[in-house]
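As C-alpha cells, the structure follows; a few thoughts come after it.
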Amino acid sequence: MLCPCEKKNKDCCLVPDISSEQIFRRVEPVLREMEKTGVLIDVDRIKQLNRQVGRRIDKLKKDILSDLGTEINLDSPSQLADLLFNQLKLPTEDIRRTQSGYSTAAGELYKIKHAHPAIPKILKYREFTKLVSTYLEPLPKLVDERDRLHTHYAQDARTGRISSSEPNLQNIPIKGTYGADIRKTIVAGKGNKLVSADYSQIELRIIACFSGDRQMMDAFNKNIDVHTRTASLLFHKPEGKISKEERRFAKTINFGVLYGMSPFGLSQALNIPQEMAAKFIFEYFHNHQGIKEYIEETTYRARKTGAVETIFGFKRKLFNIKSDNRILREADERMAVNTPIQGSAAEILKLAMITLNQKLDIKNQKQKDSSALPQNDMDARPRLILTVHDELVVECPEKQAKEVAKLMEEVMENVVKLCVPIKVEVGIGDNWAASK
DNA sequence: AACTAGGCT
DNA sequence: GTATAAGCCTAGTTG
C-alpha cells in the first residue's frame with residue numbers, strides 16, 4: 001500500500017498491492033475475451049448512412065469545383081494549398097506552414113472561411129469524406145456472420161493505455177453532423193442492453209490527488225464542478241455567475257495543464273491573443289499553487305532519475321529530459337507531467353476491468369446454477385465489450401441491466417481510493433449513444 | 001514510406 | 001530566433 005500524495009498524511013489513499021506488470025498480465029485475458037465477444041453493429045443503418053452522406057459529398061464536390069473553377073483533386077492537400085494560396089491568393093498571414101507549403105488543416109481553413117465561398121464547403125467535404133472512408137465504408141466489411149465486429153486490443157508500451165485496431169473502436173464518431181448517428185449503429189443484441197460507465201474527470205482527480213492542490217481537492221471533495229471552480233478563481237466571480245464561455249475557457253486550461261500547454265497553444269485553442277493566454281496561465285498557477293509545485297517537482301525528479309512512474313509503478317524512461325536541445329527537452333518535460341497521470345488512469349481502468357470481469361464471472365456462475373438462464377445461450381449473460389480509456393461498456397440481458405450498472409459503478413469507483421472521491425457515470429440504452 | 005489530415009479519450 | 005498540447009489508429013496522396 002503506497003500513498004501517491006506524498007505531501008500529506010500517509011493514509012489518505014488506498015492502493016491495492018499489485019504491480020503494474022501484474023495488472024498488465026491479468027488484463028490480457030479480459031481483452032482477448034472482449035475481442036472474441038465483439039460488438040454488434042446495425043449494418044443496414046450504416047449502409048443507409050453511407051448512401052446519405054455519399055450524396056451530400058457528391059453535391060459538395062460539384063459545388064466546390066465549380067466555385068473554384070478548376071479540376072483539382074480535393075483529397076490532395078498539396079493541390080488544394082497551391083490553388084487556394086498561390087493561384088487564388090487567399091490571405092496567408094495566419095496560415096501555418098507544413099514542410100511542403102501552406103497547411104490546409106481544418107483549423108487553418110477556418111481562419112479564412114469568409115475569404116472564399118468554397119472554404120466552408122471544403123470543411124464539410126472533409127468532415128463527410130472522413131466519415132465515409134474511415135467508418136461507413138470499412139465497418140460493414142469487417143463484421144462476422146452475426147454482424148459483430150472483433151477489434152484487436154493492445155497495451156501501449158509508453159503509457160500503459162489500451163489501444164484498439166482493425167477496426168479501431170476507440171475513435172467511433174460522437175460529435176459533428178453525423179457523429180451521434182454513427183455511434184447509434186453500435187447496438188445491443190436482441191433482448192439485451194448496453195451499459196456504459198464513464199469515469200468522470202479521472203485525470204483531473206488524479207492530478208488533484210497527486211499534487212494535493214487545495215482548490216482542486218476542495219472542488220472534488222465538495223462535488224463542485226471543477227471547471228466552474230477554476231473559472232470562478234480565474235475570473236474572480238462566484239461559481240453561480242460563471243457563463244458557459246467562461247467555463248469553456250477554464251476547461252481548456254485545466255486540460256491544457258495535463259498536457260503542458262504553452263501560451264501559444266492556449267491562444268490557438270481559445271482563439272485569443274497570446275498575451276491574454278499567458279495571463280490566464282499565470283493566474284491559473286497562482287490560484288493552483290499545488291499544481292504548480294507538482295509540475296516543478298515531477299520534472300525535477302524526472303531530470304534526476306531519467307524516468308517517471310505511475311501509481312502502480314509503471315516506468316517510462318525519458319531520454320531527452322536533460323538534452324541541450326530545447327525542443328526535445330521540453331517534449332520530455334510534457335511527457336514527464338502527462339505520463340504519470342494518463343498512465344495511472346489507464347491502470348485504474350484496467351484494474352477495474354479485471355475486478356469487474358471476476359465479479360461478472362461469479363455472477364454468471366450463480367445464474368447458471370439457479371438455471372435462471374438457458375444453459376447454452378452464450379449471449380444471455382453480461383459481457384464486457386468495449387473499453388475506451390475512461391469508459392467501459394457491457395452488453396447484458398435487459399433484465400440484468402440495472403444490476404450490472406450498479407456493479408460497474410461500485411467496482412470502478414472503489415478499485416482504488418484516492419484522496420478525492422472517484423465518480424462514475426452510468427447509463428443504459430439500446431445503442432452506444434443512448435447508453436450515455 | 002513519408003506526409004498531411006482527422007477521428008476519439 | 002524557433003516551435004509551441006498527451007496518447008492512439010486510419011486513410012488518401014505523393015514520389
Side-chain angles (χ1 to χ4, degrees), chain A residues 72-82 96-109 122-123 125-139 142 151-179 182-183 198-204 207 252-270 274 277-278 281 308 316 318 325-346 349 386-392 432 436:
Chain A
I72 60 160
N73 183 351
L74 288 180
D75 299 325
S76 164
S78 81
Q79 290 184 35
L80 185 64
D82 183 57
R96 217 184 57 223
R97 315 294 184 97
T98 64
Q99 288 181 35
S100 39
Y102 290 109
S103 166
T104 65
E108 307 305 310
L109 295 185
I122 292 169
L123 290 170
Y125 174 85
R126 284 259 179 85
E127 184 186 345
F128 293 160
T129 51
K130 175 72 180 180
L131 298 182
V132 166
S133 69
T134 308
Y135 307 100
L136 299 176
E137 288 279 356
L139 290 185
L142 294 169
T151 186
H152 174 71
Y153 288 114
Q155 298 189 68
D156 171 54
R158 289 183 286 188
T159 64
R161 267 191 170 192
I162 292 164
S163 67
S164 156
S165 60
E166 285 180 301
N168 182 356
L169 294 178
Q170 293 179 326
N171 72 346
I172 299 297
I174 183 62
K175 300 176 244 182
T177 308
Y178 290 100
I182 294 180
R183 202 164 270 219
D198 265 71
Y199 277 117
S200 160
Q201 283 143 5
I202 185 71
E203 294 194 351
L204 287 173
I207 205 172
T252 303
I253 299 172
N254 271 328
F255 281 114
V257 165
L258 297 175
Y259 304 143
M261 192 187 246
S262 65
F264 176 86
L266 186 63
S267 73
Q268 293 280 304
L270 292 177
Q274 209 168 316
I281 291 175
V308 289
R316 178 174 189 174
L318 297 169
N325 181 330
R326 215 184 81 188
I327 308 301
L328 296 178
R329 187 179 66 246
E330 286 180 347
D332 267 23
E333 285 169 359
R334 292 192 294 270
M335 292 179 211
V337 175
N338 183 262
T339 299
I341 307 295
Q342 196 180 106
S344 298
L349 185 83
L386 286 168
T387 172
V388 196
H389 310 305
D390 61 1
E391 174 184 12
L392 297 178
W432 193 5
K436 303 200 71 172

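Values reported hereafter were calculated over all heavy atoms of this structure, with side chains retained and with hydrogens, waters and symmetry mates removed. Here is the naming used below: chain letters follow the sequence lines, and residue numbers restart at 1 for every chain.
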### Query
Can you give one letter per nucleotide of nucleotides 10-15 of chain C, going 5' to 3': B for a protein heavy atom under 4.0 Å from the base, S for sugar-phosphate only, - for none?
BSSSS-
### Task
For A:Ser344, check side-chain hydrogen bond (donor to acceptor under 3.5 Å, both in side chains) against everything at least two apart and list the hits.
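A:Ser344: no side-chain hydrogen bond (donor to acceptor under 3.5 Å, both in side chains) contacts found.
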### Query
Within a strict 4.5 Å, meaning less than it, do heavy atoms of the A:Leu169 and A:Trp432 side chains meet?
no
### Query
Side chains of A:Thr104 and A:Arg126: closer than 4.5 Å at any heavy-atom pair?
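Yes, side chains in contact.
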#### Entry: Span of DNA chain B, from the first to the last nucleotide whose atoms fall under 4.0 Å of chain A heavy atoms
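That gives a stretch of B:dC3 to B:dT9.
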### Distance between P atoms of B:dT4 and C:dT4 (Å, rounded)
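The answer is 13 Å between these two P atoms.
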### Query
Expressed in whole Å, how much space separates the C1' atoms belonging to C:dA5 and B:dA1?
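Between the two C1' atoms, the distance is 27 Å.
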### Query
Do A:Tyr259 and the base of C:dA5 stack face to face, with centres under 5.5 Å apart and an angle between planes under 30°?
no
### Query
Listed in order of residue number, which residues of residues 336-345 of chain A have a non-hydrogen atom at under 4.0 Å from DNA chain B?
none
### Touch class at under 4.0 angstrom, heavy-atom based, for A:Ile162 against every strand present
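No contact.
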### Task
Look at all strands and tell whether A:Ala106 reaches a base, only sugar-phosphate, or nothing, counting heavy atoms closer than 4.0 Å.
sugar-phosphate
Between [X] and [N], is there a side-chain N or O to OP1/OP2 distance below 4.0 Å?
X	N	value
A:Arg97	C:dT4	no
A:Arg161	C:dG7	no
A:Arg158	C:dA6	no

### Query
With sequence neighbours left out, what residues match A:Asp198 under salt bridge (charged side-chain N to carboxylate O under 4.0 Å, His left out)?
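Checked A:Asp198 against salt bridge (charged side-chain N to carboxylate O under 4.0 Å, His left out); matches are A:Lys436.
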### Message
My understanding is that only residues two or more places apart in sequence, or in another chain, count here; which of them pass ring-ring contact (aromatic ring centres under 6.0 Å, His included) with A:Tyr102?
### Response
A:Phe85
#### Entry: Minimum-distance nucleotide to A:Met335 side chain [options: C:dA5, C:dC8, C:dG7]
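So the nucleotide nearest the side chain must be C:dG7.
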### Query
Can you check whether A:Gly101's main-chain N or O pairs, donor with acceptor, with A:Thr98's side chain at less than 3.5 Å?
yes
#### Entry: Interatomic distance, A:Gln268 CD vs C:dA3 P [rounded to whole Å]
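In whole Å, C:dA3 P and A:Gln268 CD are 14 Å from each other.
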